[in-house]
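Working notes for the structure below.
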Amino acid sequence: MRLKIAKPKITDKLATLLLWAAALFIIGLLIWFLVFILKRGIPYLNLQFFTGPDGVGAQLFNSFYILFLSLLFSLPIGIGAGIYLAEYAPQNKLTDLIRLSVECLASVPSIVFGLFGMIIFVNVLGLGYTILGGAATLALLNLPILVRVTEGSLRSVPESYREASLALGATMWQTLRKVILPTAMPGIVTGITLVAGRALGETAILIFTAGMNVSRNLFDINPMAAGETLAVHLYAVKANPLPGTNADAIADGTAALLIIVVLIFNLVLSLPSRLLERRLNGSKQ
């Protein structure tokens with residue numbers, strides 16, 4: 001009898017040990033990866049690196065500008081579609097088909113979106129390699145993820161919240177705006193953070209749609225200008241280094257800058273989400 005009891009305990013301890021070992025290995029690998037890149041690239045991050053002849057100031061601006069435009073296009077549609085599917089859509093074959101289509105789009109490789117954007121925005125619409133074309137294609141990449149995250153966050157809100165609000169005489173729109181969305185907001189913000197981080201590091205889409213050149217103006221807000229970003233610049237420097245330039249130094253500095261930008265951006269978006277989540281949990285208690 002004691003042997004039967006002891007075996008599950010030993011198995012449980014071994015499984016726990018293996019899970020901790022796997023988690024520590026992944027964390028250690030991530031830390032080593034970050035330290036390796038930052039150690040090589042940070043020494044090159046100076047004013048000349050941003051404003052010099054081979055500086056990346058324009059690419060840094062383009063990265064955020066394209067990200068801003070892509071979120072401007074995708075957030076209203078993605079969040080609106082997620083709200084519709086979670087709160088208003090009836091359970092029928094049409095909504096099942098919509099969900100299936102969203103799942104399929106979320107699994108499509110980014111290079112396919114890039115080729116689609118090149119055909120539609122660059123060639124058919126005649127936009128050429130522009131910031132607008134790159135942002136529109138990135139928005140298509142973000143849409144299925146935003147729909148899935150929004151629907152999942154709204155469905156995670158307990159049904160009792162809806163029932164209590166409606167029982168007090170609130171309309172469905174008031175319940176959605178004042179009860180459901182605030183409760184689901186931390187999850188939605190987390191999804192937006194993931195989408196934004198992915199967009200900042202995207203290369204395949206932007207090579208085919210925004211191009212590999214930058215405007216002569218440092219902060220060019222013209223959406224029809226060329227839109228090389230930091231990630232695309234890193235690829236271009238390593239794939240086709242220009243004669244007379246220190247390609248390795250530019251690549252190391254760009255990689256370090258890209259990682260720093262993504263980390264800071266994720267931190268800035270994650271902190272309000274965490275504070276809101278704690279505030280909601282505190283109000284529940």
Side-chain angles (χ1 to χ4, degrees), residues 33-73 110 114 117 121-122 127-139 141-142 192-193 195-271:
F33 176 76
L34 292 176
V35 170
F36 177 78
I37 293 181
L38 294 176
K39 186 178 179 181
R40 292 187 56 173
I42 285 180
Y44 300 109
L45 299 183
N46 50 41
L47 185 61
Q48 185 70 15
F49 186 78
F50 292 93
T51 60
D54 299 321
V56 297
Q59 287 84 353
L60 178 61
F61 174 77
N62 286 341
S63 298
F64 282 102
Y65 190 33
I66 290 179
L67 173 63
F68 169 76
L69 290 179
S70 67
L71 292 179
L72 188 66
F73 298 150
S110 61
F121 299 113
V122 177
L127 297 179
Y129 294 105
T130 59
I131 289 174
L132 181 61
T137 311
L138 268 183
L141 178 71
N142 295 339
I192 295 173
T193 304
V195 165
R198 182 183 183 186
L200 280 174
E202 186 57 52
T203 53
I205 284 179
L206 298 178
I207 288 175
F208 289 110
T209 55
M212 302 174 67
N213 296 306
V214 292
S215 172
R216 294 181 179 180
N217 301 322
L218 182 59
F219 302 112
D220 194 348
I221 61 173
N222 180 12
M224 305 306 294
E228 184 184 54
T229 61
L230 282 176
V232 175
H233 184 63
L234 176 60
Y235 166 80
V237 168
K238 295 300 290 184
N240 300 297
L242 295 175
T245 61
N246 190 348
D248 290 334
I250 297 174
D252 291 340
T254 303
L257 178 62
L258 185 59
I259 287 180
I260 292 172
V261 166
V262 172
L263 289 176
I264 293 176
F265 191 81
N266 287 343
L267 185 63
V268 169
L269 286 182
S270 297
L271 281 178

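Fair warning: this is a prediction, and the values are worked out from it, not measured in the lab.
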How far apart are the closest heavy atoms of [X] and [Y], and which atoms are they?
| X | Y | answer |
| --- | --- | --- |
| N222 | D220 | N-OD1, 3.0 Å |
| E202 | V232 | O-CG2, 4.3 Å |
| S70 | A135 | CB-O, 3.4 Å |
| T209 | G134 | OG1-CA, 3.2 Å |

About how many Å separate [atom2] of [Y] and [atom1] of [X], when rounded to the nearest 0.5 Å?
| X | Y | atom1 | atom2 | answer |
| --- | --- | --- | --- | --- |
| L138 | R198 | CG | CZ | 9.5 Å |
| L34 | L38 | CG | CG | 6.0 Å |
| L127 | M224 | CG | CE | 4.5 Å |

State, with a plain yes or no, whether a side-chain heavy atom of [X] is found less than 4.5 Å away from one of [Y].
| X | Y | result |
| --- | --- | --- |
| T137 | F208 | no |
| F73 | L132 | yes |
| T203 | L234 | no |

Under the criterion ring-ring contact (aromatic ring centres under 6.0 Å, His included), I'd like the reasoning laid out for F49 against Y44: C-alpha separation, chi angles, the key distance, then a yes or no.
CA-CA 7 Å; F49 186 78; Y44 300 109; 7.6 Å; no
Residues at least two apart in sequence or cross-chain that pass side-chain hydrogen bond (donor to acceptor under 3.5 Å, both in side chains) with K238, listed by chain then number, are D248
Could you list the donor-acceptor pairs under 3.5 angstrom formed between side-chain atoms of residues 250-264 and any protein atom two or more places apart in sequence or on another chain?
unit_1, atom_1, unit_2, atom_2, d
D252, OD2, R40, NH2, 3.2
T254, OG1, I250, O, 2.7

State whether the side chain of [X] and the backbone N or O of [Y] hold a donor-acceptor pair below 3.5 Å, judged by distance alone.
| X | Y | value |
| --- | --- | --- |
| Y65 | I221 | yes |
| S63 | L230 | yes |
| N62 | E228 | yes |

F219 vs F61 aromatic rings, parallel, tilted or perpendicular, using cut-offs 30° and 60°?
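Rings of F219 and F61: perpendicular, over 60°.
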